[in-house]
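Quick note: residue numbers are just sequence positions, from 1.
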Amino acid sequence: MKLIYAAASPFARKVRVLASEIGLLDSIEMIDTAVLPIKANDMVNQLNPLAKIPVLLTTTGESLYDSRVICEYLDSLHAGPTLFPQEPTARWTALKLAALADGLMDAALLVRYENAVRPQELQWDDWKSGQLDKVTRALQALEDSSADLSGPLDIAQISVACALGYLDFRFPELAWRQDRPKLQAFHAAFSDRESMRTSAPV
């Protein structure tokens, strides 16, 4: 298998962390490539019509996207405990929290692109504030749901940890730990896992 990714992408990090946790990382060839919304990447465009990473090329040559699909596909390839819970209550709780983390990453990435790619004179401060408001609300919801981030390893824990790691990487000024002691404790413990240490963006 081959993973088309960028080292700074929190969505790609989520896939790499999951692959590491289930013992499949060594069976995936990593192809690091940058993708920007204003610059075409012909390889990525051919594999994913949405021109987004990560993309997984399976052993049969099929391309899979987005990160949620890739993660669930990889989770189906190993014999250990699945990271996508099968019991209905646990499954919907995990998927909801994973979606919340993905939404946080989406909003943060949009602000990152606005700041880093769009010319200063064309940037829209109210739009950026709206995206950051989503991040703030998501963080509070995760703090309120922190009890659901305990227990056996699952896709929610991986997704939330990668989302918080992205905030540390790109938005340290947000100081997301302030007034969120439960989320801070979760992230401190989870970040000590080898899968997180080896995938940290630099």
Just verifying a value: how many Å separate Leu174 CG and Leu167 CG, rounded to the nearest 0.5 Å? 6.0 Å
How about CH2 on Trp127, more than 12 heavy atoms from neighbouring residues, nucleotides or ligands closer than 6.0 Å, or not? yes
Return yes when atom NZ of Lys2 has more than 12 non-hydrogen atoms of other residues, nucleotides or ligands closer than 6.0 Å, and no otherwise. no
Under a 4.0 Å N-O cut-off, is there an ion pair linking Asp102 with Arg68? yes
Atom pair CZ/CZ of Arg16 and Phe11 - distance to nearest 0.5 Å: 14.5 Å
Does the side chain to side chain donor-acceptor pair (under 3.5 Å) test come out yes or no for Gln46 and Asp42, once each step is laid out? CA-CA 6 Å; Gln46 290 175 7; Asp42 291 339; over 6 Å; no
CZ of Arg170 to CE of Met105: how many Å apart, nearest 0.5 Å? 14.5 Å
When rounded to the nearest 0.5 Å, the distance separating NE2 of His78 from CD of Glu21 is 10.5 Å
Indicate the atoms forming the closest heavy-atom contact of Val17 with Ser195, along with that distance. CG1-OG, 3.5 Å
Take a 6.0 Å sphere around CZ of Arg177 and say whether it holds more than 12 heavy atoms from other residues, nucleotides or ligands. yes
Residue from Ser9, Cys162, Pro54 passing side chain to side chain contact (heavy atoms under 4.5 Å, CB included) with Ser67: Pro54
Full working for salt bridge (Lys or Arg N to Asp or Glu O under 4.0 Å) between Lys96 and Asp148: CA-CA 11 Å; Lys96 181 181 76 171; Asp148 293 323; 5.9 Å; no
Straight-line distance of Leu57 CG to Leu64 CG, nearest 0.5 Å: 8.5 Å
Tell me, yes or no, whether the heavy-atom count around Glu173 atom CD, taken from other residues, nucleotides or ligands under 6.0 Å, exceeds 12. yes
Would you say Gln157's side chain and Pro152's backbone share a donor-acceptor pair under 3.5 angstrom? yes
Does CD in Glu194 sit with more than 12 non-hydrogen atoms of other residues, nucleotides or ligands closer than 6.0 Å? no
Looking at Phe190, I'd like to know if the NZ or CZ of Arg193 sits under 6.0 Å from its six-membered ring centre while staying within 45 degrees of the ring's axis. yes
Pair Asn41-Thr33, side chain to side chain donor-acceptor pair (under 3.5 Å): steps then yes or no: CA-CA 9 Å; Asn41 183 306; Thr33 184; 2.9 Å; yes
Kindly compute the distance separating CZ (Arg197) from OG (Ser20), expressed to the nearest 0.5 Å. 10.0 Å
With the threshold set at 4.0 Å, does a side-chain nitrogen-carboxylate oxygen contact exist between Asp154 and Arg91? no
